[in-house]
Amino acid sequence: MQISLSHFLAVGALLFAFGIVTVATRRNAVGVLMGVELILNGANVNFVAFNRYVGSAGTQTFDAIGGQVFSLFVIVLAAAEAAVGLAIVLAIFQTFKSIDVRSADLMRE
Amino acid sequence: MESKGGKLVAWALAAVAVVAFVVYMATQVVGPAARGMPRPVAGALTLPDVLFYVIAGFTVVGAAGVTLSRNILYSAFGLLTALLGAGALYVMLSADFVAVAQLLVYIGGVLVLILFAVMLTSRISDIKVSNTSFGLFGGVLLFVAAAPVLLSVALLTPWRVVPPAALAPTAEVIGDALLSRWLLPFEVASLVLLSTLIGAVLIARKEIKAEEA
């Protein structure tokens with residue numbers, strides 16, 4: 001069977017599902033961030049797959065690479081999110097001596 | 001604290017809600033869309049097909065490892081596998097520049113950052129304390145709610161697919177596009193990165209100073 005759009009969308013859907021389960025079930029704040037990365041990657045796979053199979057037929061026009069450019073911006077924002085998120089995790093660890101997300105339930109030390 | 005019976009009732013209600021959601025989506029949303037779709041004909045497996053299945057398997061197994069592993073360090077390695085697999089999928093989708101960006105930014109940057117955070121924040125005995133708080137049951141419930149619906153939408157919807165063009169390099173046209181049509185988002189992204197840089201330093205630094213004082 002010829003590999004087509006649905007196959008890539010299925011991979012993206014599984015990445016998203018595993019990511020959302022990770023975000024919901026992890027106690028470890030770093031684990032939660034990993035789940036967010038998985039979700040963003042699932043979305044990215046969808047963007048690039050749709051860009052190839054549903055976009056306009058040419059390859060060298062701006063219209064034909066819109067999805068790829070969008071996924072590039074997603075990658076940039078994911079990097080920014082990871083940096084700030086991990087800085088917050090470090091701050092939580094130094095304040096509460098733990099990165100269990102359930103322990104960070106106070107707005108003071 | 002809630003009583004045990006109340007918790008049980010809440011979980012049962014959640015399970016019922018999930019099943020109802022899946023059934024509703026299957027009968028009302030996905031089913032009608034899938035009608036009239038031509039059955040795919042099974043042909044011989046070609047090399048790209050086999051390659052796709054191998055890479056997709058790697059990706060999904062990595063993602064499952066992130067979710068299921070008890071050890072946060074193994075989760076990080078699962079994430080590495082998943083990100084590498086996604087990068088390989090981008091190559092198969094003729095997105096070479098995105099694939100390289102994925103490798104450089106995600107695997108070279110984000111993953112190393114995550115590993116640093118794991119090493120900095122967990123004592124060795126603490127590394128294993130990353131088990132689930134929702135419990136296995138809640139996780140499975142959430143997966144059952146999310147995965148089948150998304151998968152059936154992906155696999156059954158009759159997408160209007162155009163025959164894809166041959167694989168071609170895209171770096172040149174992406175460069176042109178980023179500096180002409182998408183110039184404003186490009187510049188905003190650079191501002192976001194700058195503020196992220198400053199913000200991350202500020203957030204991570206303040207507490208150290210407070211601790212020293």
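Keep in mind that the numbers below use all heavy atoms, side chains included, and drop hydrogens, waters and symmetry copies. Here is the naming used below: chain letters follow the sequence lines, and residue numbers restart at 1 for every chain. Because the structure is a prediction, the values reported are computed rather than measured.
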Item to check | Option in S180(B), A56(B), G109(B), A64(B) with maximal non-hydrogen atom pairs under 4.5 Å from chain A | outcome: A64(B)
Item to check | chain B contact via N44(A) - which portion, at a heavy-atom distance below 4.5 Å | outcome: both
Next on the checklist: Does E172(B), at its CD atom, have more than 12 non-hydrogen atoms belonging to other residues, nucleotides or ligands within less than 6.0 Å?
Outcome noted: no
Item to check | V105(B) versus chain A, the contacting section by heavy-atom distance below 4.5 Å | outcome: side chain
Checklist outcome for this item: To the nearest 0.5 Å, atom CH2 of W159(B) lies from atom OG of S6(A) at 8.0 Å
Checklist entry - Any idea which of G31(A), A49(A), G42(A) has the most non-hydrogen atom pairs under 4.5 angstrom with chain B? => result A49(A)
Checklist entry - If you count heavy-atom pairs under 4.5 Å between each of L38(A), V23(A), L15(A), L77(A) and chain B, which one has the most? => result L38(A)
Checklist entry - Of the backbone (N, CA, C, O) and the side chain (C-beta and beyond), which part of A145(B) lies under 4.5 Å from a heavy atom of chain A, both, or neither? => result neither
Checklist entry - Side chain, backbone, both or neither: which part of L79(B) has an atom under 4.5 Å from a heavy atom of chain A? => result side chain
Next on the checklist: So which residue, P185(B), A147(B), P48(B), ends up with the most heavy-atom pairs under 4.5 Å with chain A?
Outcome noted: P185(B)
Next on the checklist: Has S69(B) got a side-chain atom pairing as donor or acceptor with V66(B)'s backbone, closer than 3.5 angstrom?
Outcome noted: no
Checklist entry - chain B heavy atoms under 4.5 Å from F8(A): which part of the residue, side chain, backbone, both or neither? => result both
Next on the checklist: Which atoms of A82(B) are under 4.5 Å from chain A, going by heavy atoms: the side chain, the backbone, both sets, or neither?
Outcome noted: side chain
Item to check | Derivation and outcome, side-chain contact (heavy atoms from CB on, under 4.5 Å), residues L111(B) and Y106(B) | outcome: CA-CA 6 Å; L111(B) 205 68; Y106(B) 261 116; over 6 Å; no
Item to check | Backbone of D176(B) reached by a side-chain donor or acceptor of R181(B) within 3.5 Å | outcome: no
Item to check | Option that, when pairs with chain A are counted at under 4.5 Å, heavy atom only, ranks first among G85(B), A101(B), S75(B), A146(B) | outcome: S75(B)
Checklist entry - In terms of heavy-atom proximity below 4.5 Å to chain B, should L72(A) be classed as side chain, backbone, both, or neither? => result side chain
Checklist outcome for this item: Taken to the nearest 0.5 Å, the spacing of T81(B) OG1 from F58(B) CZ works out to 7.5 Å
Next on the checklist: Please classify the contact between S195(B) and chain A as side chain, backbone, both or neither, with a heavy-atom cut-off of under 4.5 Å.
Outcome noted: neither
Item to check | Heavy-atom proximity to chain A below 4.5 Å, by part of L93(B) | outcome: both
Item to check | Part of I75(A) lying under 4.5 Å from any heavy atom of chain B | outcome: both
Item to check | Polar contact flag, side-chain donor to acceptor under 3.5 angstrom, Q102(B)-N41(A) | outcome: yes
Checklist entry - Under 6.0 Å between ring centres, would you say that holds for W182(B) and F70(A)? => result no
Checklist outcome for this item: The residue among L9(A), L5(A), V11(A), I3(A) that forms side chain to side chain contact (heavy atoms under 4.5 Å, CB included) with H7(A) is I3(A)
Next on the checklist: Would you say that more than 12 heavy atoms from the other residues, nucleotides or ligands in this model lie under 6.0 Å from the OH of Y74(B), or not?
Outcome noted: no
Item to check | Sequence neighbours excluded - ring-ring contact (aromatic ring centres under 6.0 Å, His included) pairs with any residue from residues 13-34 of chain A | outcome: F18(A)-F143(B)
Checklist entry - Given that the side chain runs from C-beta out, which part of V69(A) has a heavy atom under 4.5 Å from chain B: side chain, backbone, both or neither? => result side chain
Item to check | Which portion of L89(B) sits near chain A, non-hydrogen atoms under 4.5 angstrom | outcome: both
